[in-house]
Amino acid sequence: MEHIISLTIENKFGALSRVAGLFSGRGFNIESLSVAPTLDPSISMMTIVTSGEERIIEQILKQLNKLIDVIKVIDISESEYVERETALIKVHTRPEDRAEALRIADIFRANVVDSSPMSYTIEVTGDIRKVQAIIYLLQPLGIKELVRTGRVAIGREPTRTASTQSRPLAKVN
Amino acid sequence: MQLTGAEIFLESLKREGVKTIFALPGGVVLKIFDVLHQQKDIEVILTRHEQGAGFMAVGSAKATGKAGVALITSGPGMTNVITALADAYMDSVPIVVFSGQVPTALIGNDAFQEADNIGLSRPCTKYNFLVKDVNDLAATIKEAFYIATTGRPGPVLVDIPKDVSMDKAEFTYPDSVAIRGYSPTYDGSRWKIKQAAEAIAKSKRPILYVGGGVVFSGASKELLELAEMTQIPVDMTLMALGGFPGNHPLSLGMLGMHGTYVANMAMHYSDLVIAVGARFDDRVTGKVSEFCPQAKIIHIDIDPTSIRKNVHVDIPIVGDCKRVLQELNTILRATVNGNQREFRKPWWDQLHNWQTEHPLHYEQDPDGQIKPQYLIERLYKLTEGRDPIVSTDVGQHQMWTAQFFKLAHPRSWLTSGGLGTMGFGFPAAMGAQAAHRNRLVLCIAGDGSFQMNTQELVTAVVAKLPVKVFVINNRFHGMVRQWQDLFYEGRYASSYLEQYPDFVKLADAYGAAGVRIEKVSDVDTGIQEALAIDGPVVIDVPVYQYENCYPMIPAGGSNHEMLLHDPPDLKKPTSTGKKKTQQGKDPILTA
Ligand SMILES: Cc1ncc(C[n+]2csc(CCOP(=O)(O)OP(=O)(O)O)c2C)c(N)n1
């Protein structure tokens with residue numbers, strides 16, 4: 001099963017390679033990894049998407065925890081969370097396809113961030129299904145280049161009213 | 001006061017109580033060596049290979065529990081020490097290795113003798129540091145020793161660029177360390193320990209499966225109390241030997257691939273496995289799906305990743321073995337009823353049956369060639385009162401030593417378990433000897449393994465380390481030959497060491513003493529003669545070449561399916577064939 005792990009990690013020399021090395025050295029899957037500093041410049045947040053049976057996930061969490069540069073490990077997918085990914089998609093557009101490309105971008109509330117006579121670069125942000133869906137629809141036009149950030153995720157705050165049911169705060173597109 | 005990086009290095013090591021550094025110089029560390037040369041507080045033992053320096057640090061650490069220290073140069077110095085780091089990582093040995101690095105301005109430029117020391121050592125260290133600024137040096141050294149020796153111990157590398165050793169900074173040594181991502185759990189959960197105590201009280205066929213963690217955490221006393229109070233038998237892993245007295249009636253000896261019959265049967269048929277500081281290595285579990293089919297498992301370990309890595313665990317207890325056992329003993333003292341001996345009698349009857357059914361066994365013909373087991377057993381008997389430190393290389397001789405040399409005390413056993421590194425024994429013994437100048441230190445070596453680090457003989461002579469090296473000389477990579485006997489129809493591909501050196505002359509060439517023991521009747525006197533020599537001695541013992549080590553659980557086999565002797569169809573010369581050895585020629589294969 002897929003898991004999204006959120007790591008709070010020292011923002012220092014070699015920390016990223018320790019995490020990457022752990023995954024490659026122990027043969028754990030890594031589907032995506034994204035990392036950037038937090039408000040505290042000495043700390044980075046890393047989001048790792050991985051998959052495996054429960055026993056493997058348990059090992060991954062423990063092994064990450066064991067890394068001295070890792071300050072905190074959370075399996076975000078254990079509870080409610082919001083995830084986002086941004087993709088930049090350079091679509092090849094013949095004159096007769098340009099309107100179609102714009103229409104698709106519009107449906108997904110994506111932005112055209114660059115344009116040339118034969119291409120559009122479309123920026124889309126959303127959860128993994130949304131990103132995959134727009135890629136799927138744009139593919140027939142011809143995708144020249146595709147760059148994705150990898151997924152980032154954050155846990156949801158519990159609802160303010162002490163409701164026992166976990167109810168999403170707002171609808172996510 | 002402003003000190004250079006090299007002086008800060010020295011002052012910091014003094015604060016850490018370091019007495020000895022095993023070292024080999026090179027261009028980028030000369031400043032540090034220069035400073036070490038002008039002081040007397042720390043002894044510098046110059047080795048002849050960086051692997052030797054690494055293993056000496058390991059030997060010293062294993063024998064004392066304090067971090068062993070090595071200092072080596074950049075590039076090839078670093079690559080040479082990697083094997084020792086990997087070994088220490090697998091066996092949780094606290095060592096701190098200082099490597100030289102090219103000046104910070106040149107890092108990444110493929111400078112002369114540059115290597116990515118951090119990248120090279122990352123997968124085989126608990127942690128590593130590149131010190132980029134002399135102002136960070138003292139605090140880094142403090143952290144390095146702290147990380148190496150706390151929690152689950154392990155090797156730490158500190159990479160010091162040349163300019164950092166020469167730059168100056170104000171020296172203050174921190175009193176304490178706070179690393180926000182590192183805080184080992186020492187106290188086990190009380191609730192889990194209570195559950196463990198309840199399971200122990202109920203169990204009819206419990207077994208203590210103890211590993212190296214018992215030794216590192218200094219939990220031998222607590223383990224002994226637990227075992228005696230509850231009358232639970234004790235199985236030791238290779239790493240645990242000495243952690244529980246080997247000749248104690250509750251000891252079943254070593255378990256695992258070459259463990260005793262009773263130790264492995266006890267695991268297989270137990271209803272409760274109490275694992276203490278052990279990690280369910282594949283050489284112990286055998287086929288995981290058939291491992292301890294009837295048992296509930298309690299697992300006490302300081303490293304949470306060890307728990308449930310290989311096998312399912314019912315009662316996991318993360319914590320320091322010593323503290324957890326103290327707590328467990330306190331509960332049991334109050335709850336266990338008086339007559340545990342009576343309660344456990346049926347289990348012990350069964351265990352005694354297994355013990356007598358298939359004890360460790362070999363045959364020594366008084367007129368035949370010396371059997372390796374005989375030599376080892378005699379050495380054990382003849383040194384029993386002297387509390388020796390025993391080290392081994394890797395192979396058959398290692399397993400026989402583990403089987404026959406019944407150690408009484410922790411920290412008297414040096415062997416390469418997890419990595420199984422040939423060449424370990426001799427330098428490790430030297431490291432232990434450097435830390436315990438007055439103790440008897442024995443190295444039981446294989447002729448194959450010993451040749452991987454013989455250059456350190458001269459180090460032993462110069463540094464006056466009177467290690468006694470018994471070379472169990474079978475002219476084979478014996479353990480490889482054994483597998484070829486059993487699984488490759490006796491085709492000895494590259495396991496026969498056709499040409500071998502005269503070990504007595506070799507010792508002599510290096511300035512050490514050499515002794516040869518060739519006859520069974522000379523074994524006792526030969527051993528005594530060698531032990532009486534003041535200084536390092538190599539004792540060459542040509543032994544019967546084709547002896548195989550049993551019991552053996554073939555890799556991937558189940559624990560109760562042991563081979564107990566050679567298969568009847570195995571054809572090989574007997575030990576009473578031709579006896580005389582002639583140096584340089586093989587007595588049997590050329591006969
Ligand atoms: C550095 C290293 N290389 C190769 C091996 C594989 N290996 C395991 S045991 C062994 C033979 C050891 O021979 P020897 O030291 O003579 O001991 P014996 O088995 O004969 O007692 C070999 C080659 C190893 N363990 N370590």
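In the text below, chain A, chain B and the rest are named by the order of the sequence lines, each starting its count at 1. Excluded from the calculations below are hydrogen atoms, water molecules and symmetry mates; all remaining heavy atoms, backbone and side chain alike, are included.
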Indicate the atoms forming the closest heavy-atom contact of A/Lys62 with B/Ile307, along with that distance.
-> NZ-O, 2.6 Å
With a 4.5 angstrom heavy-atom cut-off, could you sort out which part of B/Asp303 is near chain A: side chain, backbone, both or neither?
-> side chain
Cut-off 4.5 Å, heavy atoms of chain B, and the answer for A/Lys12 is side chain
Distance only, no hydrogens: is a donor on one side chain within 3.5 Å (strictly under) of an acceptor on the other, for B/Asn310 and A/Arg55?
-> no
Just give me the residue among A/Ile43, A/Leu22, A/Ile56 that pairs up with chain B most often, heavy atom to heavy atom, under 4.5 Å.
-> A/Ile43
Euclidean distance, A/Ile68 CD1 relative to B/Ser183 OG, rounded to 0.5 Å | 10.5 Å
Would the number of heavy atoms belonging to other residues, nucleotides or ligands and lying under 6.0 Å from NZ of B/Lys66 be above 12?
-> no
So, the part of B/Lys126 with a heavy atom under 4.5 Å from chain A: the answer is both
Heavy-atom neighbours of B/Asn109 CG exceed 12 at 6.0 Å | yes
A/Asp40 atom CG, neighbour heavy-atom count above 12 within 6.0 Å | yes
Interchain contact, A/Gln63 with chain B, by part (heavy-atom threshold 4.5 Å) = both
Sorted by chain and number, sequence neighbours left out, salt bridge (Lys or Arg N to Asp or Glu O under 4.0 Å) with B/Asp91 holds for B/Lys62
Residue pair B/Arg152 / A/Lys66: nearest heavy atoms and the distance that separates them | NH1-NZ, 4.0 Å
Whether over 12 other heavy atoms sit under 6.0 Å from A/Ile154 CD1 | no
Atom CD1 in B/Ile118, atom CZ in A/Arg18: separation rounded to 0.5 Å?
-> 7.0 Å
Select one option (side chain, backbone, both, neither) describing which atoms of A/Leu67 are under 4.5 Å from chain B's heavy atoms.
-> backbone
For B/Lys322, look at atom NZ and say whether over 12 heavy atoms of other residues, nucleotides or ligands are found less than 6.0 Å away.
-> yes
Going through the checks in order, is the side chain to side chain contact (heavy atoms under 4.5 Å, CB included) test met by B/Arg180 and A/Ser42?
-> CA-CA 12 Å; B/Arg180 51 189 167 185; A/Ser42 74; 2.8 Å; yes
Do other residues, nucleotides or ligands put more than 12 heavy atoms under 6.0 Å from B/Lys296 NZ?
-> no
B/Tyr127 side chain to A/Asp69 side chain, donor-acceptor N/O pair below 3.5 angstrom = yes
